[in-house]
Amino acid sequence: MDESRNYLDPNAISRLSGMELAARLVVEGFISGMHKSPYQGFSVEFVEHRQYMPGDEIRYIDWKVYGKSDRYYIKKFEEETNLKSYLILDTSGSMGFKSDKSSNRLTKLEYGCYLSASLAYLMLKQRDSVGLVTFDNQLRSYIPPRNGPAHLHAIISELENVSPVNETNTGITFHELAQRMFRRGLVIVISDLLDDPQNVIRSLKHFRHKKHEVIVFHILDPAEVSFPFDGPVVFRDLETQKEMLIEAEFLKNEYLSKMKQLISEYKNECNASLIDYVQMDTSVPFDYALSVYLSKRKR
Amino acid sequence: MSFINPFLIIGIIAAGIPLIIHLWSRRQAKLLDFSSLQFLMALNRKKVKRLKLKQILLLILRMLIIALIALALARPVIEGKWAMAAGSRAKRSVVIIIDNSYSMSHAGLEGDRFKIAKDKAVQILDSMQSGDDASLILMSDYPEVIFKRLTSDIGQVKDAVYSARISHRGTYVMPSLKEAFSILNDSKKPYRQIYLISDLGENGWRNWRKETFPQEIGLSVIRIGDKQVNNCYIDNIAISSGFAGVGMLLQFTARVKGNSDKVAASLIIDGEKEEQGIVSNNAVSFSHVFLTPGIHTGEVRLSSDQLEVDDVRYFAISVIGQTKVLIVGEANFYINLALNPSDSTIPGSEPMVIPSSASIEELGSISLDQYSAVILSDAKKLNDSAVRNLSSFFSKSSSKKPEVINGNIIIFLGKSSDRDWYNASFALMPASLASRASYSQNPLRISKWDSSHPIFRIFDEKDAADTLRSPETYSAFPMVPKSNAKIVASFDRNIPAIIEMVSEKRNKVILFNSSPDPEVTDLPLKPVFLPLIHQTLLYMVSDDDNRNIQIGDSYIKNIYENAANPEIILPSQSGLAGKEQAITIKPEFTNLEQGIGKQVKYASADYAGIYKLRYMSENTMRQDYFAVNLNTKEESDLRSLSDEEIIDKLGSQIRLSSSYKYTEEAIAPEKRKEIASTLLVIAAILMMLEIPLASRYKERIKDEG
């Protein structure tokens, strides 16, 4: 395997210090593995001419017009952004979970952050504008979609500062967000979706109603999927700090079937609403997520 | 509820062990942060709830099992209606206190109190079942504990009740109650009860100090007899003059208490009824003359009332026989006259005192053995042989007849007495003399005397005391008593009037600081002279033994010779004496601390009556008597405490059968039930519940897993 592919492994990424570096490595590694450039669809849209003024950059002088009219005109462009993308990252307490504290495994939030950073990097690289929204039981931060390398920096510095607190309230938050987003675009939800599924689906449908494309990355920890506990365990809720002592094996079957049911409910409902639902756990390499995005982008 | 092993109740702490294990295992459980418990809980709230409920149920069950076992070990006992509901009776320990003070021998309309008390005790014992135990205390002024430990042989206790006898003692309740509580303290039976069966006479509760007795021991008080009963009894007998001599007219006065007017009384001397009288003003008097010397016994007896035992009072009296007195010296006219007043003899009897005279010169050669006393009446001085003769007379022990005492000397000092000779050469002199002084201008009078001294016993009353003060003395020797002598009477100005010296063998020297000479003193002309001389002589020649004691006192007799094998024969009234053979008891017998002789001591005279002392001396059998009387001061007063007073003294938790009639409630055992076995059964049932519940709980967890 190409060495750069290593960076797509979340365990390897977790050893890196800077998120920007990590995102770059993820994306570059991802791209270098492809046969042709994935960048496409971007263009610069001509808006008008205006007379050259001293101080204007020479490279923007329209020489064709000068050839015809012998006057210096400057071409004014509006760089077209193909797509406005919104990265919506869940920073609620439950996202702070990781099953094996001793290992290098990422928490769901860390995984979500790296994923967001990588997606943002990739989007900005192909001149899409990208915004970042973090939420728990309400909107925490809102960085409107823009493009340009400086914007990546803004997003990444925001991502570096998030921490998992509070409970989740997906419904209200998404509805509020949907109201704010006027131009249609791509909405990428990164969350463990540990909330009332009906509420979540209803709010996702709201995005769809506003004509947004929606991708849901359902991030779960492997332990949440397999429930590998046994014996008496005191579970402490990361959001409410409530404790519950139970015999873990007693609940295992019930839990697993409920979890399966939850995932299939999300999957079915999302399919029905033409929402891309991607269930992944924190051990899944990032390129999987990136390729999901790109395939969506192609459509 | 009460506990038989209350200290074991601490074991109930062990009930916390399952809780501690539960909490500990909780702590041992891995703490795991989990994404969303709400989500987990929502999975199966009902199931978790059910599981938790089971867990708590198991925990409670286990705690309950341990608590029940700990409680059972402490052996709880329930009382009252709960116990009644429980039905069967708990094992009992019972101490029965029967009052056997002599007031319980009262036999009124209701019957003999002591017999009723015994019947009630038997009733209580009859109500006992196998496994119960009992003890018996006979209560008088001390507790006679018949069974020091509780015995399960109820038949034996019943026999002890049947053979219990009335005592002649008073009552003192507290020691018996304390004894009963201490016996029951050792018992582990759930039901412990004291039954106090008594007439509840006031005197038994004197100086009552409230005690806190253990609450778990019940106290039932069963009153026997009526609350107000009149009783008539003889409180004491006084004998005129205090000394008795052959031919002397003696007066016996019995003081009677209670409603006693017109009650018949009789005087019995040496077993013969001598005189009869009627009590008036709470007293009855009899006169009697003893014709023979020696120890006489007697009693004054009232016609019996419902309490017979205190209707009689006994006495023993030593009657002095014919006494010879030798008078030596100048002024002997008045002494002779005083010692032998011709009209004092009773016809048919010889005079009690026979005085004879001798000169100072003759004293050295006269045999003094026959004389009880020698009187030196203003003797100037004695020659050596007289002094030797007197010294040997004084140092001899009592004569072979115990009722005749000799070796006594009376000294009168007058104007002829040679002070220097008495000071220097007469060792029997009880004082050192100063120069004779004249008090003719301001005569001396007797101002102080030892009123407890037998000589002055008859001068107790004011008139008699005035006669003792009346004689005037015109000249006397200021003197200082020797170390072994004491002043028994003094003149004013602190000049001794009479000095006494007693030898180890009880021989006495009495010194009068005057002589029966009208020029020295007008004493011989005064009426007090005759009784004073008589009392002095009687005192000197009678023994000092106290022959009249009360129950509880010790009888002590000093025998100033070699004596052996003393025995005391109990009176037949004691109830111990058999019909044919008198019961004899060996008293304490020790050497006298000073001089030759023995002491007999008998401290257990428990019954009123005449006791006889017998011992061997000089190969002959000697005998003496003493009278033991009831201590009637309190016990014969039959007033008893009211119910309120009893409750005030013993606390309201007692059960009191206040009426004479037998009350079932007071005797019936309280309903109490020990529930240790019930608790163990409940614990076992819970254990049987716990085992399947616990295994099902585990299986369930496994299955679910």
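Nothing here was measured: the structure is a model prediction, and the numbers come from that model.
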Heavy-atom side-chain proximity of B:L31 to A:R236 below 4.5 angstrom: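 Yes - at least one pair of side-chain heavy atoms lies under 4.5 Å apart.
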pair B:L32-A:F229: side-chain heavy atoms closer than 4.5 Å: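 In short, these two side chains touch, coming nearer than 4.5 Å.
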Any residue meeting salt bridge (Lys or Arg N to Asp or Glu O under 4.0 Å) with A:R202, in chain and number order, not counting sequence neighbours: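 Salt bridge (Lys or Arg N to Asp or Glu O under 4.0 Å) check on A:R202 returns nothing, list empty.
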NZ/B:K649: more than 12 non-hydrogen atoms of other groups inside 6.0 Å: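 Above 12, so yes.
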Crowding at CD1, B:I10 (>12 non-hydrogen neighbours, <6.0 Å):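 Counting neighbours around CD1 of B:I10, 12 or fewer heavy atoms of other residues, nucleotides or ligands fall under 6.0 Å, so no.
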Residue part contacting chain B, namely of A:E243, when any heavy atom lies under 4.5 Å: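 Its backbone and side chain both get close to chain B.
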ring-ring contact (aromatic ring centres under 6.0 Å, His included) involving A:Y277 - partner list, sequence neighbours excluded: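 A:H218.
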